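Scope of the values below: all heavy atoms of this structure, side chains included, with no hydrogens, waters or symmetry mates. For clarity, every value in this text was computed on a predicted model and none was experimentally measured. Each chain gets a letter, A, B and so on, in the order its sequence line appears, and its residues count up from 1.
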Amino acid sequence: MIQKPRGTIDILPDSSPVWRYIESKARETAACFGYGEIRFPTFEATELFNRGVGDTSDVVQKEMYTFLDRENRSFTLRPEGTACVARSFIENNLYTETMPQKLYYLVNCFRYEKPQAGRSREFYQFGAELFGSGSAMADAEIISLARMIILNIGITDFSLEINSIGCPACRPAYHRVLKEYFLSQKENLCETCRGRLETNPLRILDCKSPVCSKIAENAPRSIENLCGDCSSHFAKLQDYLNAMKIPFLINTKIVRGLDYYTKTVFEFISENIGAQSTLCGGGRYDGLIETVGGPKIPGIGFAMGITRLILAYEEEQKIKEKQNEIKTDCPELYIAPMGNDAQVIALDIIQNLRYKNISADCDIMGRSLKAQMKYADKIKASYVLILGDNEIVTGAAEIKNMNTGEQTKVYINDIENLIKILKNIESD
RNA sequence: GUGGGUAUAGCUCAGCUGGUUAGAGCGCCAGGUUGUGGCCCUGGAGGCCGACGGUUCGAACCCGUUUACUCACCCCA
């Protein structure tokens, strides 16, 4: 048997309604905030991610699906969306349009990782990007959008953590201070962290090993080593969030793994979805557009993992013992024909209903009436119309309401009346 | 890339210290008389016990290897 690749999923009709639900809530909310949808290629030049996401990031170093095409050009399946949007933003000259530019996307992404709860090799994310404003108001808006999406979905058990990791002006100095501190404790650090001393000391702050995290507790904090600009930006953001009554915590350990982040970084976290607890991650990237070959334009955005949102949503429904109100696709009418003549008439009726965009179905298995009733019940048809020889002779048939069990007579030629019954409209 | 757990019917799982025709519940299909679903009853289909190799008279069960799934680390959404 040929199996699907590791870390990918099939979404079957049973579960696709919850996907559509989550996706449509995200789309609606983004539209409400004035964001327009952008779509872009599934693969891009590898160079885009090397420069945009950053050579030193784990994503680029060991997680990309990179391949050569027939002309030996190197392409990569997108591991994230922001670099792609940045490329499209530049290539389509969106920077010549009025600012800000507000975009959202809903795409699948690919990273070569070992799958676990809340993480797969092909995953789906919803993201939003706001270009053109360096103001902390933009930060507040994008955070507010992310939060509103999560709330609109119906997830309430989550928290927002924010941090500032500085800008090219103040980060080098902070890195030096940080490195000095960790150097003094070098012998106690774990093996990987000793390596990080040289490559990226920021990462040590995020280390989960008990020893390292204890050492990290007393490490100099980025927010205490910000330049004047970054510092006031961070203060303003907090003012705006407070004004919007958006609760948050400052977590000085948030270090995003994508190299393009500057100043504000944030995460929305859920405790209900396993170890991969980040529902949404994002931050400001004032240098990104320039890095990938565009003009100097600031930006901020976030991405949220669809499967993690689904996990959090379903977990919360379970905890609160709520019946979720997501509609499944079931037919309004099922016709149970008996005999050849009835089948022909049944086909005609469902065809007419379908022309009017009313979901209708009939037996194509040649089953007995009883089996057809069972089937109609299983697919949750709202009504069943029974058609046999008697009905063809008299032109009148019984239509059964499957919820109440009630049966009424209808004329099989009177489609309009049939529709009225299906739609629960009083007929005169 | 590193570590832990698990692999028996479509699904959830039994299978006693290795002993011959491998089980249950759910699901699926068909019936319970003459044209009516949900409950109940009866019957049926469906498994080389993840794969390969070894020990043994004999392996779903013991040993080795491998693959997949899963959880965690790393990292991230």
Practice task
Report the distance from atom CE of A:M402 to atom C1' of B:G38, rounded to the nearest whole Å.
Solution key: 8 Å
Practice task
Give the B/S/- string for nucleotides 67-72 of chain B, one per nucleotide from 5' to 3', where a protein heavy atom under 4.0 Å of the base yields B, of only the sugar-phosphate yields S, and otherwise -.
Solution key: --BBSB
Practice task
Can you tell me, in whole Å, how much space there is between the P of B:G23 and that of B:A60?
Solution key: 14 Å
Problem - Presence of salt bridge, A:R20 and A:E23, under 4.0 angstrom - result: no
Completion exercise
Judged by nearest nucleotide, the residue sitting upstream toward the 5' end of RNA chain B, A:Y112 or A:S57, is A:Y112
Exercise for the section: May I ask you to say whether A:E398 pairs ionically with A:K409, meaning some side-chain N is under 4.0 Å from a carboxylate O? Expected result: yes
Problem - Output field: ring centroids A:F43/A:F110 closer than 6.0 Å - result: no
Practice task
Could you list the residues that satisfy salt bridge (Lys or Arg N to Asp or Glu O under 4.0 Å) with A:R367, not counting sequence neighbours?
Solution key: none
Handout entry: Stretch residues 36-46 of chain A: residues that reach within less than 4.0 Å of RNA chain B through a heavy atom
Key = none
Would you be so kind as to tabulate the donor-acceptor pairs closer than 3.5 Å made by side chains of residues 174-184 of chain A, with sequence neighbours excluded?
unit_1, atom_1, unit_2, atom_2, d
A:Y174, OH, A:P220, O, 2.9
A:Y174, OH, A:S222, N, 3.1
A:K179, NZ, A:E198, OE1, 3.4
A:Y181, OH, A:I215, O, 2.6
A:S184, OG, A:Y181, O, 2.4

Handout entry: Listed once per pair and sorted, the salt bridge (charged side-chain N to carboxylate O under 4.0 Å, His left out) pairs that draw on residues 33-49 of chain A, sequence neighbours left out
Key = A:R27-A:E37, A:E37-A:R39, A:E44-A:R87, A:E47-A:R51
Under 3.5 Å, sequence neighbours excluded: what are the donor-acceptor pairs made by side chains of residues 58-68 of chain A?
unit_1, atom_1, unit_2, atom_2, d
A:Q61, NE2, A:D55, O, 3.4
A:T66, OG1, A:T76, OG1, 2.9

Completion exercise
ring pair (Phe, Tyr, Trp, His ring centres under 6.0 Å) filter on A:Y411, not counting sequence neighbours, yields none
Handout entry: Interatomic distance at P, B:C62 relative to B:G10, whole Å
Key = 23 Å
Exercise for the section: Rounded to the nearest angstrom, tell me the gap between atom CZ in A:F158 and atom P in B:A77. Expected result: 18 Å
Problem - Polar side-chain atom of A:R121 near backbone of A:E113 as donor-acceptor pair, under 3.5 Å - result: yes
When the side chains of residues 277-293 of chain A are checked against the rest of the protein, which donor-acceptor pairs come out under 3.5 Å, sequence neighbours left out?
unit_1, atom_1, unit_2, atom_2, d
A:R284, NE, A:D139, OD1, 3.1
A:R284, NE, A:D139, OD2, 3.4
A:R284, NH1, A:S133, O, 3.2
A:R284, NH1, A:D286, OD1, 2.8
A:R284, NH2, A:S133, O, 3.1
A:R284, NH2, A:S135, O, 3.2
A:R284, NH2, A:D139, OD1, 2.6
A:Y285, OH, A:E129, OE1, 2.3
A:Y285, OH, A:I300, O, 3.4
A:D286, OD1, A:G299, N, 3.4
A:T291, OG1, A:G287, O, 2.7

Handout entry: Inter-nucleotide P distance (B:U66, B:G19), Å rounded
Key = 29 Å
Exercise for the section: Using atom CD1 of A:I150 as one end and atom P of B:A77 as the other, report the distance to the nearest whole Å. Expected result: 14 Å
Practice task
Rounded to whole angstrom, note down the P distance from B:G4 over to B:G64.
Solution key: 13 Å
Exercise for the section: Measure the shortest side-chain to side-chain distance between A:T8 and A:S120 over non-hydrogen atoms and say whether it is less than 4.5 angstrom. Expected result: no
Exercise for the section: Looking at every strand, decide which applies to A:L309 at a 4.0 Å heavy-atom threshold: base, sugar-phosphate, or nothing. Expected result: nothing
Handout entry: RNA chain B stem ranges, 3 or more consecutive Watson-Crick or G-U pairs under 3.5 angstrom
Key = B:1-7 with B:67-73, B:10-13 with B:23-26, B:28-32 with B:40-44, B:50-54 with B:62-66
Handout entry: Backbone of A:I254 reached by a side-chain donor or acceptor of A:N163 within 3.5 Å
Key = yes
Exercise for the section: Classify the nucleic acid contact of A:S120 as base, sugar-phosphate or nothing, counting any heavy atom under 4.0 Å across all strands shown. Expected result: base
Handout entry: Distance, rounded to the nearest Å, where A:E129 contributes CD and B:A77 contributes P
Key = 11 Å
Practice task
Look at all strands and tell whether A:G127 reaches a base, only sugar-phosphate, or nothing, counting heavy atoms closer than 4.0 Å.
Solution key: nothing
Handout entry: Qualifying salt bridge (charged side-chain N to carboxylate O under 4.0 Å, His left out) pairs with a residue from residues 140-152 of chain A, counting only residues at least two apart or across chains
Key = A:K102-A:E141
Problem - Pairwise P distance, B:A77 and B:A68 [rounded to whole Å] - result: 26 Å
Handout entry: Length of the line joining A:R111:CZ and B:G1:P, which is rounded to integer Å
Key = 18 Å
Handout entry: Atom C1', compared across B:G18 and B:C63: separation rounded to whole Å
Key = 13 Å
Completion exercise
Protein-proximity profile, nucleotides 25-36 of chain B, B/S/- by nucleotide at the 4.0 Å heavy-atom cutoff, equals ---SSS-B--BB
Exercise for the section: Classify the nucleic acid contact of A:A376 as base, sugar-phosphate or nothing, counting any heavy atom under 4.0 Å across all strands shown. Expected result: nothing
Name the atoms and distances for all side-chain donor-acceptor pairs under 3.5 Å in residues 338-345 of chain A, with sequence neighbours left out.
none

Exercise for the section: Using the C1' atom on both, measure B:A22 against B:U8 and round to a whole Å. Expected result: 8 Å
Exercise for the section: Examine A:Y104 together with A:F126 and report whether their ring centres are nearer than 6.0 Å. Expected result: yes
Handout entry: Integer angstrom distance from the P of B:G15 to that of B:A7
Key = 11 Å
Exercise for the section: Report which part of the nucleic acid A:E113 touches: base, sugar-phosphate, or nothing (heavy-atom distance under 4.0 Å, all strands). Expected result: base
Exercise for the section: Could you tell me the separation between the CG atom of A:D14 and the P atom of B:C11, rounded to a whole number of Å? Expected result: 14 Å
Exercise for the section: Evaluate the ring planes of A:F268 and A:F266, with Trp represented by its six-membered ring, and classify them as parallel (under 30°), tilted (30 to 60°) or perpendicular (over 60°). Expected result: perpendicular
Fill in the blank from the handout: When rounded to whole Å, the OH to P distance for the pair A:Y105 and B:A77 reads 9 Å
Practice task
Write down the distance between CG (A:N401) and P (B:G38), rounded to a whole number of angstrom.
Solution key: 16 Å
